[in-house]
*Asks:* 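There's a structure below that I have some questions on.
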2 protein chains.
Amino acid sequence: MDKKYTIKDIAQMAGVSKGTVDRVLHNRGKVSPAALEKINEVLNVIDYEPNLIARNLKSTKIYRICVLLPDPVFDPYWLPCVSGIQDAITEFKAYNVVIEIHYFNPESTKSFLKTNETIITQSPDAVLLTPLFHKETIEIIKQYDDLGIMVNTFNNQVESSSIKSFVGQDLYKSGRVAASLMNLILPKGQIAIIHIDESLKNAVHMQEKERGFRSYFEEKNLSNFSLTTLKLKYSNIETKLPAFINENPDLSGIFITTSKAYQIASTLSNVTEKKIALIGYDLIDKNVSFLNQGLVHFLIHQNQKRQAYLGVSTLADHFIFRKDIPETILLPIDIINVENASFYIS
Amino acid sequence: MDKKYTIKDIAQMAGVSKGTVDRVLHNRGKVSPAALEKINEVLNVIDYEPNLIARNLKSTKIYRICVLLPDPVFDPYWLPCVSGIQDAITEFKAYNVVIEIHYFNPESTKSFLKTNETIITQSPDAVLLTPLFHKETIEIIKQYDDLGIMVNTFNNQVESSSIKSFVGQDLYKSGRVAASLMNLILPKGQIAIIHIDESLKNAVHMQEKERGFRSYFEEKNLSNFSLTTLKLKYSNIETKLPAFINENPDLSGIFITTSKAYQIASTLSNVTEKKIALIGYDLIDKNVSFLNQGLVHFLIHQNQKRQAYLGVSTLADHFIFRKDIPETILLPIDIINVENASFYIS
DNA sequence: AAAAAAGGTGTGTTCGAGCACATTTTTTTA
DNA sequence: TAAAAAAATGTGCTCGAACACACCTTTTTT
């Protein structure tokens, strides 16, 4: 019953040749009704699963997947993605799948567009990208779609019917998780929601997290808390943050919506002795260092490595094994404190 | 440069036949020093990676892996393992790997031994088991070793040189994680560490968690807490727990070292109105239900599904792709509260 | 009625590794 | 030096799916 049937087996059972069975299996036509019926009868009885190894061995087609990634040189946030994609490269090297990373400067739309052009000249079978620049991404995706190049996204969500799949996290919910932890650390007081970003490219990202964060406090009617939003840039943290702390003596917690918690922690430790609860995102080295020092209380792990890995591996599995590509994959919102951090760092 | 070389390519480059190349690659001998050198020269220049698909297609050998699992009928704790193994079955069905689950009654050593005998008669290539019964497991593993059957373990750790691999969690550290969360919820008071188990088969498991839990409070010198250990059985929770609560009016938190937090939560809700912080293990339905009701504050996810999956998949990867089997795989200690639970339930 | 086209079927080759076996070359022995 | 043994090397088949192509049969066209 567990026996694995081959096309040859089916041919023998149906009393035809393997060529005819092949034509039936692939709907290639040129089969008489009589033969079709005989073969279908056999197929209904047995459970035929084509041998994927044999199929793959024969196919000489090489699948090309390009990954469009912000250069980690500009932001270490993207470093784990490289490692995730390298895992995929190793895994699928044996099959006829070539995966290439193309970097762009996350601060420059021009760089983004230029790298996309390079990719288009390569005419890959699929592209995985992070839609950092909303308007430009929509344009680009349309181009890919016209060329018949499949597009998957990760990290940032963008609405487009041309996108095959999205891998990421539920940002609203992750804001709620942060809020629930903050509520555990603090009995009351003022909480600042700090967005740090040079440009506005992460705007939606950050807003969703804030929305989730606020929704928790509103829903629970926690009136002994007051929430304030603060927008900062890398360049003005050192001046604006101390000023904000002076103006808000009741401040007892800060939720940082990006991976830049370390910048807040660092500035904070120079400015005040006061114990302020910090919750941020991502296990980048500097954040973990402050976590270990006790200056950051919790980090939410967005698992970019796995996001990137899943982004390409679903594509590769689709090409090699004809697996379906799930429309959305939402990764769990991992809660990290000093005690369990080491297990998430790879 | 990325070109994939075949044995035929190497043969051509070295000016020998593919048979000779094959003998060199597999150290099968019967190769002249001259030929050896020529081939090695080529191998040093190019980066030869055998085509795993072709290798696997040829091999007619069917690998058999047996999984020895406590029947989830007796304890739903084991249910996710079944699903994890089924994932592996689906994944490796295409290759020549047959994976079978054999159930035993976790309350009966006899059942454990009997199932092992059944497995031995099947003479599989490898066995994955949960060493619930320490003494019996040691015996059994020795038997498997003598028969040349590879043994992997998961969930419970057992010392034996015959064991190839262990997949699980660092229980000491998971106790510490629980402690750090408890310390966050409570400012002070008495905390009970409750072990619930019918027999002693989980003794080591539970003790490690307790040790970790206590170590956290000792290390931090948290003198405003007092820790008490309490051992219960399924049958006497309803009587002993209320009595314990009466005797300890200062009790403000409970750490349950097994997956039976729901039993404590259920009894507690009938006995007292007092808000007692509960931290337990595992995302079984009843636990999640109490988590959603707010009666359980945190659950630590032991991810049995992934444990079981990794247990067999490392074996299958070893057989198919000759991958190394890691000696220990420690899964992350996932912190779950009501806000992020849904993402971990599959 | 002959030729052409379309329909139907089977055969044979390919992919790359692995291994059995045949063949050639070298060395040893009588 | 010839025969036997050993060593070295090459050839050819297998695994299963995919597909090209050759072949035969039936239908359509001129």
Side-chain angles (χ1 to χ4, degrees), chain A residues 2-40 42-43 46-63 92-98 319-322, chain B residues 2-40 42-43 46-63 92-97 319-323:
Chain A
D2 269 11
K3 183 179 171 356
K4 279 201 279 186
Y5 294 94
T6 70
I7 286 187
K8 222 168 121 190
D9 293 331
I10 298 169
Q12 203 173 5
M13 286 188 265
V16 295
S17 76
K18 66 196 179 86
T20 309
V21 176
D22 180 72
R23 275 183 287 271
V24 170
L25 288 174
H26 294 89
N27 291 313
R28 274 197 249 275
K30 312 227 170 185
V31 175
S32 69
L36 182 68
E37 205 197 337
K38 274 191 292 180
I39 292 169
N40 274 332
V42 175
L43 287 177
I46 67 156
D47 187 26
Y48 174 68
E49 294 263 356
N51 185 327
L52 301 176
I53 300 161
R55 167 185 289 170
N56 218 275
L57 176 63
K58 169 62 181 153
S59 86
T60 48
K61 159 93 180 144
I62 291 171
Y63 295 98
F92 296 107
K93 181 172 57 180
Y95 305 84
N96 295 318
V97 179
V98 176
F319 290 134
I320 307 171
F321 301 117
R322 323 224 170 152
Chain B
D2 269 12
K3 181 179 171 357
K4 279 201 280 186
Y5 294 95
T6 70
I7 285 187
K8 222 168 121 188
D9 293 331
I10 298 170
Q12 203 172 5
M13 287 188 263
V16 294
S17 76
K18 67 193 183 87
T20 308
V21 176
D22 181 70
R23 274 182 287 270
V24 171
L25 288 173
H26 293 87
N27 292 313
R28 275 197 249 274
K30 310 230 174 185
V31 175
S32 69
L36 182 68
E37 205 197 337
K38 276 190 293 180
I39 293 168
N40 273 333
V42 174
L43 288 177
I46 67 156
D47 187 28
Y48 173 69
E49 294 263 356
N51 185 326
L52 301 175
I53 300 161
R55 168 185 287 169
N56 218 274
L57 176 63
K58 169 61 182 156
S59 86
T60 49
K61 159 94 180 144
I62 291 170
Y63 294 98
F92 295 108
K93 179 173 57 178
Y95 305 85
N96 296 317
V97 178
F319 289 135
I320 306 172
F321 302 117
R322 322 223 170 150
K323 281 195 192 158

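So you know, we letter chains A, B, ... as the sequences are listed, proteins then strands, and number each from 1.
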*Asks:* Which residues in residues 21-29 of chain B have at least one heavy atom lying under 4.0 Å from any atom of DNA chain C?
*Replies:*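 Contacting residues: B:D22, B:H26, B:R28.
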
*Asks:* Looking at the rings of B:F321 and B:Y95, which for Trp means the six-membered one, are their centres under 6.0 Å apart?
*Replies:*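 Yes - the distance between ring centres of B:F321 and B:Y95 falls below the 6.0 Å cut-off.
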
*Asks:* Judged by each residue's nearest nucleotide on DNA chain D, which is more toward the 5′ side, B:K30 or A:R322?
*Replies:*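 It is B:K30, whose closest nucleotide lies nearer the 5' terminus.
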
*Asks:* Can you tell if the side chain of B:I39 reaches within under 4.5 Å of the side chain of B:T20, non-hydrogen atoms only?
*Replies:*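 Sidechains of B:T20 and B:I39: in contact.
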
*Asks:* Rounding to an integer number of Å, can you tell me how far A:K58 NZ sits from C:dG12 C1'?
*Replies:*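 After rounding, the reported distance stands at 11 Å.
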
*Asks:* Quick check: on DNA chain C, is the nucleotide nearest A:P33 upstream (toward 5') of the one nearest A:G19, or the reverse? Name the residue that is more 5'.
*Replies:*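 It is A:P33, whose closest nucleotide lies nearer the 5' terminus.
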
*Asks:* Strictly below 4.0 Å, N to O, side chains only: are B:E49 and B:K4 in salt-bridge contact?
*Replies:*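 Not counted as a salt bridge, because no side-chain N and carboxylate O are separated by less than 4.0 Å.
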
*Asks:* I need the CG-C1' distance between B:L52 and C:dC15, as an integer number of Å.
*Replies:*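 So the two atoms are 15 Å apart, to the nearest Å.
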
*Asks:* Applying side-chain contact (heavy atoms from CB on, under 4.5 Å) between A:V21 and each of A:V42, A:V31, A:V16, report the one that passes.
*Replies:*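 Between A:V21 and the candidates, side-chain contact (heavy atoms from CB on, under 4.5 Å) is satisfied uniquely by A:V16.
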
*Asks:* Can you check the A:L57 CG to C:dT14 C1' distance for me, whole Å?
*Replies:*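 One finds 9 Å between C1' of C:dT14 and CG of A:L57, rounded.
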
*Asks:* Taking the side chain as every heavy atom from C-beta outward, state whether A:L25 and A:Y48 have any atom pair closer than 4.5 Å.
*Replies:*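 Touching, per the 4.5 Å side-chain cut-off.
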
*Asks:* Between A:K61 (NZ) and C:dC15 (C1'), how many Å, whole number?
*Replies:*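 So the NZ-C1' distance, A:K61 to C:dC15, works out to 17 Å.
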
*Asks:* How long is the line joining CG of A:N96 and C1' of C:dC15, in whole Å?
*Replies:*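 Distance, rounded to whole Å: 10 Å.
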
*Asks:* Mind checking if A:I7 touches a base, just sugar-phosphate, or nothing, with heavy atoms under 4.0 Å?
*Replies:*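 The answer is sugar-phosphate, as A:I7 gets under 4.0 Å only of primed atoms, P, OP1 or OP2.
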
*Asks:* Can the positive tip of A:K61 be found less than 6.0 Å from the middle of the six-membered ring of A:Y63, inside 45° of the ring normal?
*Replies:*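 Pair A:K61/A:Y63 counts as cation-pi.
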
*Asks:* Can you pull the contact range of chain B along DNA chain D, 5' to 3', using atoms under 4.0 angstrom from its heavy atoms?
*Replies:*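 Answer, 5' to 3': D:dA8 to D:dG16.
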
*Asks:* Provide the closest heavy-atom pair for B:A11 versus B:K18 in the form atom of the first, atom of the second, distance.
*Replies:*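 Looking at all heavy atoms of both residues, the shortest contact is CB-N, 3.6 Å.
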
*Asks:* How many whole angstroms separate atom NZ of B:K18 from atom P of C:dG16?
*Replies:*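 Rounded to whole Å, this separation is 11 Å.
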
*Asks:* Round to a whole Å and report the spacing from CD of A:Q12 to P of C:dT9.
*Replies:*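 Distance check: A:Q12 CD to C:dT9 P gives 18 Å.
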
*Asks:* Any heavy-atom pair between the side chains of A:N51 and A:T6 that's under 4.5 Å?
*Replies:*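 A side-chain contact is absent here, since even the closest heavy-atom pair is not under 4.5 Å.
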
*Asks:* Under a 4.5 Å cut-off applied to non-hydrogen side-chain atoms, are B:L43 and B:N40 in contact?
*Replies:*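 Yes - at least one pair of side-chain heavy atoms lies under 4.5 Å apart.
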
*Asks:* Can you tell me how far P of C:dA17 sits from NZ of B:K8, to the nearest Å?
*Replies:*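 Value for this atom pair: 10 Å.
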
*Asks:* Any side-chain N or O of A:S32 under 4.0 Å from OP1/OP2 of C:dT9?
*Replies:*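 True: A:S32 side-chain N/O within range (under 4.0 Å) of C:dT9 OP1/OP2.
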
